[in-house]
Enquirer: 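Take a look at this one; I'll ask things after.
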Amino acid sequence: MKKWIALLLAFALCLSLAACGSTGTSDSAASSAAEESASSEESRVQEEASVSAAIEEEPTDSAAEPESTDTLTSDVLPEDVIGNTYIYDEVNEEYGFTTSWELTFTGEGEGTMFEPNDLMGDTTYTVSWSYADGLYTVTLVESDNGNMTLSTMFDESYTCNYAVMSDGTFAPANASDTAAVEAANTGSENADYPAVSYASNSDAQVMDIYLPENATGADPVIVVVHGGGFKFGDQTMDIIQPVIEAGVANGYVVASVDYRKSGEATFPGALADVKAAVRYLRANAEQYGIDAEQVVIWGESAGVYLSLMTALTPEVESLNGDVTDNLEHSSSVTALVDFYGPVEFYTMDDEYAALGIEGTTYSSDSSFESAFVGQAIGADEEVTYTTWWYTYVDQLPEDYTLRAWVQAGDSDTSVPYTQSQNFAEKLTEVIGSDNVTFGLIEGAEHEDDLFYTDENLAEVFAFLADALS
């Protein structure tokens, strides 16, 4: 019994080891977990409950036991796994979410693995497998959508050794044996120009460019900026696909932009990247058939922050950061579309408290926003307000114009909807009420499908048509 308790404790430890259980681009908790660190606590509670339940029910097959607290071995033989599905909860403590993998053995040497991901899209892989010395060696062969996981439990050949347990779970056998997959961002296979490099600081500085269905050679461009808590995601995320598809259908060139995450560069790194992306499009407008005077920037979640800061600080040189590409061109835009974005980091906890939601931790050093700022946003008000757009309002050019669509859901538990409401009110003071359209979607949560219905997108594109006319 003691040996099995050690086994189960080792299994729990393996679940939380970032070296073998951290996904760089997954967010399979609810999309609200992408912005709210509360999901990390929920994952911890679930892990403790599963371990406690497993201890109460000792496995019947005790032939295979772990060699050490670092290594697991299976207690299920190959002839007994076929036809069964096993679960592994891969806990990402740094990003605050859990990915619940499913490994199904469909036949001898054959199987599937399912990777759920609310932001990037679910992926099912076909796998090959073999068994030796108590471990199952599983290799991802191909995926149903062309994407391959960035989970660090796989080596460069997308292979990992697993222990498969009679309680219906599986886990990487030894964290120290695995290596991170350094996968290049190759962009979307549907883009006309995938993974275009727009700056020279990082491999993350790429965009996918889509041409409109009836290109004229001088079409307006929509710069789409994805969310992901400033920590994960890329320009191919499922959440932004409806915007891309609607954009090209409505006659826009669409540039979906990736950027450096907070683990690589803190403020103003990602903002400097998005500004550089706009400058690149202007510098290469002829090549991509863009009207350089008709630039829309459209963000969702954390991408909103990067979008509105790009729109409202076109001449603030310090926010170009370490990116010097195409500085002879402007990063100004004509119109802004804002879906449920964080705006004023310092007040987020207070705003939720005012809405009756207590215990949020945006001001702590563990929040997505704090990682982006480079320190706890509650630690130094002056530093945090260097990230607020209104700090730079006096540096707007005299002839500054902007049209802005701002929209949030009143049931958002990741970003208080009052962030959008307050932004719209403040922006109205600067550019006038005729230039700001604000709306709340009743019952909508963070990254809710209600923002991406045909009806809502049609209203946004009607607004843009008027803004660019």
Side-chain angles (χ1 to χ4, degrees), residues 29-42 96-97 227-231 262 267 299-309 311-312 336-393 404-433 436-448 450-451 456:
S31 57
S32 62
E35 303 283 342
E36 179 64 65
S37 60
S39 63
S40 179
E41 175 66 15
E42 179 182 352
F97 57 82
F230 307 104
K231 277 201 169 186
S262 57
F267 179 83
E300 65 91 22
S301 194
V304 167
Y305 172 83
L306 301 175
S307 297
L308 68 87
M309 285 292 288
L312 289 160
L336 163 71
V337 179
D338 165 344
F339 277 1
Y340 47 82
V343 182
E344 188 177 359
F345 300 150
Y346 195 79
T347 63
M348 292 177 74
D349 284 322
D350 290 341
E351 288 181 41
Y352 260 139
L355 293 171
I357 300 175
E358 301 287 349
T360 59
T361 56
Y362 296 100
S363 61
S364 72
D365 58 8
S366 63
S367 73
F368 291 126
E369 291 76 15
S370 292
F372 172 68
V373 173
Q375 65 179 48
I377 60 177
D380 189 322
E381 182 176 1
E382 183 176 354
V383 168
T384 299
Y385 271 100
T386 64
T387 68
W388 188 40
W389 71 276
Y390 198 76
T391 298
Y392 306 95
V393 70
W405 173 284
V406 183
Q407 199 168 29
D410 65 4
S411 296
D412 196 324
T413 56
S414 291
V415 176
Y417 72 81
T418 50
Q419 287 272 299
S420 297
Q421 189 175 56
N422 295 340
F423 170 58
E425 291 176 359
K426 200 77 172 175
L427 185 60
T428 295
E429 297 175 7
V430 177
I431 63 176
S433 59
V436 180
T437 300
F438 171 72
L440 280 176
I441 299 181
E442 184 177 354
E445 301 175 356
H446 200 69
E447 297 182 328
D448 201 298
L450 291 173
F451 290 91
N456 194 59

Enquirer: Say whether, by atom type as modelled, one donor and one acceptor occur between the side chain of Asp338 and the main chain of Trp405 under 3.5 angstrom.
Expert: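 Checked: no pair found.
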Enquirer: As a quick check of understanding, evaluate side-chain hydrogen bond (donor to acceptor under 3.5 Å, both in side chains) for Glu344 and Tyr385, giving each step before the final call.
Expert: CA-CA 8 Å; Glu344 188 177 359; Tyr385 271 100; 2.5 Å; yes
Enquirer: How long is the span from the OG1 atom in Thr418 to the CG atom in Asp350, to the nearest 0.5 Å?
Expert: 10.0 Å
Enquirer: Without swapping roles, check the side chain of Ser363 against the backbone of Ile377 for a donor-acceptor pair under 3.5 Å.
Expert: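 A pair under 3.5 Å: no.
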Enquirer: Restricting to side chain to side chain donor-acceptor pair (under 3.5 Å), what partner residues turn up for Ser370, sequence neighbours left out?
Expert: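 Only Ser367 meet the side chain to side chain donor-acceptor pair (under 3.5 Å) criterion with Ser370.
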Enquirer: Minimum heavy-atom separation for Ser364 and Ser366, please, with both atom names.
Expert: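 Heavy atoms of Ser364 and Ser366 come nearest at OG-OG, 2.9 Å.
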Enquirer: Tell me, do Val406 and Leu308 make a side-chain contact under 4.5 Å, heavy atoms counted?
Expert: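 No - every pair of side-chain heavy atoms lies 4.5 Å or more apart.
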Enquirer: So Ser262 and Phe368, do their side chains get closer than 4.5 Å, heavy atoms only?
Expert: no
Enquirer: Could you grab the distance from atom CD of Glu369 to atom OG1 of Thr387, nearest 0.5 Å is fine?
Expert: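 Glu369 CD to Thr387 OG1: 9.5 Å, rounded to 0.5 Å.
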Enquirer: Do the side chains of Ser420 and Val343 get nearer than 4.5 Å, heavy atoms only?
Expert: no
Enquirer: Of the non-hydrogen atoms in Gly443 and Ser411, which two are nearest, and what is the gap between them?
Expert: CA-OG, 3.5 Å
Enquirer: Ignoring hydrogens, what is the shortest heavy-atom contact between Asp349 and Thr361? Give both atom names and the distance.
Expert: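 Distance-wise, the nearest heavy atoms are OD1-N, 3.4 Å.
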Enquirer: With heavy-atom distances below 4.5 Å as the criterion, would you say the side chains of Thr391 and Thr386 are in contact?
Expert: no
Enquirer: Checking Glu300 side chain against Gly227 main chain: does a donor-acceptor pair fall under 3.5 Å?
Expert: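 Between the backbone of Gly227 and the side chain of Glu300 there is a qualifying donor-acceptor contact (under 3.5 Å).
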Enquirer: Can you list everything that forms a side chain to side chain donor-acceptor pair (under 3.5 Å) with Asn456? Sequence neighbours excluded, please.
Expert: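 By the side chain to side chain donor-acceptor pair (under 3.5 Å) rule, Asn456 matches Gln407.
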Enquirer: Name all residues meeting the side chain to side chain donor-acceptor pair (under 3.5 Å) criterion together with Thr347; count only those two or more places apart in sequence or in a different chain, and write none if there are none.
Expert: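 Once residues adjacent in sequence are excluded, the partners of Thr347 under the side chain to side chain donor-acceptor pair (under 3.5 Å) criterion are Glu351, Gln419.
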Enquirer: Which of these, Tyr352, Tyr346, Phe345, sits in a side chain to side chain contact (heavy atoms under 4.5 Å, CB included) with Tyr362?
Expert: Tyr352
Enquirer: What residues, two or more places apart in sequence or in another chain, satisfy ring-ring contact (aromatic ring centres under 6.0 Å, His included) together with Phe451?
Expert: Phe339, Tyr340
Enquirer: Would you mind reporting whether Glu445 and Thr413 have side-chain heavy atoms less than 4.5 Å apart?
Expert: no
Enquirer: Identify, with sequence neighbours excluded, every residue that meets ring-ring contact (aromatic ring centres under 6.0 Å, His included) alongside Tyr390.
Expert: Trp388
Enquirer: Scan side-chain atoms only and decide if Ser301 and His446 contain a donor-acceptor pair under the 3.5 Å cut-off.
Expert: yes
Enquirer: Could you tell me whether Phe423 and Trp389 have their ring centroids closer than 6.0 angstrom?
Expert: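 Here the rings of Trp389 and Phe423 have centres that are less than 6.0 Å from each other.
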Enquirer: Go through the structure and list residues passing ring-ring contact (aromatic ring centres under 6.0 Å, His included) with Phe372, not counting sequence neighbours.
Expert: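 Checked Phe372 against ring-ring contact (aromatic ring centres under 6.0 Å, His included); matches are Phe230, Phe267, Tyr305.
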Enquirer: For the atom pair CG (Leu427) and CD1 (Ile431), what is the distance rounded to the nearest 0.5 Å?
Expert: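 Those atoms lie 3.5 Å apart.
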Enquirer: Could you go through the side chain to side chain contact (heavy atoms under 4.5 Å, CB included) check for Asp410 and Glu442 one step at a time?
Expert: CA-CA 6 Å; Asp410 65 4; Glu442 184 177 354; 3.8 Å; yes
Enquirer: Between Met348 and Ser414, what is the shortest heavy-atom contact and its length?
Expert: CE-O, 4.5 Å
